[in-house]
Number of protein chains: 2
Amino acid sequence: MAAKRPRPHQDKEALKDHCARWTGARQEVFDVLVKTEQHLSAQDIHHQCQAANSDIGLTTIYRTLDLLDKAGLVRKVHSGDGRVRFEYRRSAHADHHHHLMCSGCGQILNYRDFEQEELELVRRTEDVLARKHGYLIRDHNIEFIGLCPECRPGGRRSVIAPEGPDAGTNT
Amino acid sequence: MAAKRPRPHQDKEALKDHCARWTGARQEVFDVLVKTEQHLSAQDIHHQCQAANSDIGLTTIYRTLDLLDKAGLVRKVHSGDGRVRFEYRRSAHADHHHHLMCSGCGQILNYRDFEQEELELVRRTEDVLARKHGYLIRDHNIEFIGLCPECRPGGRRSVIAPEGPDAGTNT
DNA sequence: CTGTGTGCAAAGCATTTGCACTATG
DNA sequence: CATAGTGCAAATGCTTTGCACACAG
């Protein structure tokens, strides 16, 4: 849990268009995401709120996440395991990263290499795709899928069934 | 439905390790995917089988898709709408493409531009990630998310709720 | 023949929705 | 105060499982 301050100013502004009241529940859900680099599911967040003595219903968490997503403060990530996860969108350049996911245990790693090359390619691709297909492009997603050291053949976890739920869910 | 011949030879070989018997049902599910460039959900395939007078249960389709996925003949795609879709993996270079998805209606487009640049970047990234994190990388996924001409602000479909189920599911 | 594959019905789960209640602005 | 936000419980919809039967090898 490396703490980082929430960024209420510009973030809350972005929210103004999407909700009328900024409540404690919303603040807490938001805080949980701001304070981590992990990719959390609604349930993960629910657990963390409970651990922090906040008694927020799962429903509210889903609704808040939807809100934050629409406001663009948060990004949905479809991990391979059926549930949707969310990560806080930090300021563009500082936080630009892509994902490396293990199809064995569901672990998600962020990596930040190749920013320069990627950004260039991404920018050019966006241009062409936007023009060619008439799309309004708002985001991109680059991920590599494979087996982590634990799950790869010869790894400690290989052949055997993957871990339990909350285990390899993160980063 | 632009027809392309199934590739029984190498494909069936890949299957030998993953199933004991090659049945009619499996062939049909496989055929449906081979014959299209679209990204189909289990239900989509179910419908197509019914349309083709095959009476294959949804359960079998799910099981077959899982089989084909494990055999590497098919690729899972997590479209934003909650259901998982599948596409046939054609031979590597001939078929290399990435996705452009509309977050409004769920449409998925394949595009094949920038192959050269992308492949280069991808290869280099795979190398580094594999070495740095000990992963065994097996696949990558590059997608751009935005709004299609219909769904973008000013488009015919904008503001209004997206289309019905089978509408924007494809390509 | 002998398991492997299949279908049906029921179970599982993440997510969504209806509705009465609470608290923000 | 009026309305947006919340929680609960029930509903939804995709996917998985248990079990008895059917068929490929």
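Note on naming: letters A, B, ... go to the chains in the order of the sequence lines (proteins, then strands), and numbering restarts at 1 for each one. Both backbone and side-chain heavy atoms feed into the values below; hydrogens, waters and symmetry mates do not. The shown structure was predicted, so the numbers you read here are calculated from the model rather than taken from an experiment.
Distance A:H46 NE2 to D:dG7 P: 8 Å, rounded to the nearest Å. If you measure from atom CD1 of A:I45 to atom P of C:dA14, you get 14 Å, rounded to the nearest angstrom. Between the P atom of C:dA14 and the CG atom of A:L40 lies a distance of 15 Å, rounded to the nearest Å. Rounded to a whole Å, the CZ atom of A:R83 is 14 Å from the P atom of D:dT16. Taking atom NE2 of residue A:H78 and atom P of nucleotide C:dA14, one finds them 16 Å apart after rounding to whole Å.
In this structure the side chain of B:H99 never reaches within 4.5 angstrom of the side chain of B:I145, judged on heavy atoms. With a 4.5 Å cut-off on side-chain heavy atoms, A:L100 and B:I137 count as touching. Inter-residue side-chain proximity for B:Q38 and B:R85 is flagged as unmet; no heavy-atom pair is nearer than 4.5 Å.
Across the helix from C:dC1-D:dG25 to C:dG25-D:dC1, the helix axis at one end is tilted relative to the axis at the other end by 40° (nearest 10 degrees, each axis from five pairs).
For the atom pair NE2 (B:H78) and CE (B:M101), the distance works out to 10.5 Å, reported to the nearest 0.5 Å. With values rounded to the nearest 0.5 angstrom, A:I45 atom CD1 is found 12.5 Å from A:T60 atom OG1. Once rounded to the nearest 0.5 Å, the distance linking CG of B:D139 with CD of A:E143 reads 9.0 Å. Rounded to the nearest 0.5 Å, atoms CG (A:L68) and NZ (A:K76) are 12.0 Å apart.
With the nearest nucleotide of DNA chain D identified for both B:G82 and A:A25, A:A25 has the one nearer the 5' end.
Using a 3.5 Å distance cut-off with no hydrogens or angles, the side chains of A:H97 and A:E87 do pair a donor with an acceptor. For the residue pair A:D44/A:Q48, the side-chain donor-acceptor check at 3.5 Å is not satisfied.
Taking the six-membered ring where the residue is Trp, B:H140 and A:F144 present tilted rings, their angle falling between 30° and 60°.
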Each nucleotide N or O in nucleotides 22-25 of chain C that has a protein N or O under 3.5 Å away: list the pair and distance.
residue : atom : partner : partner atom : Å
C:dT24  : O2   : A:R21   : NE           : 3.3
C:dT24  : O2   : A:R21   : NH1          : 2.8
C:dT24  : O2   : A:R21   : NH2          : 3.1
C:dG25  : OP1  : A:W22   : N            : 3.1
C:dG25  : OP1  : A:W22   : O            : 3.3

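Salt-bridge check for A:K70 with A:D66: passed, with a basic side-chain N closer than 4.0 Å to an acidic carboxylate O.
Of the residues in residues 56-72 of chain A, those with a non-hydrogen atom less than 4.0 angstrom from any atom of DNA chain C are A:T59, A:Y62, A:R63.
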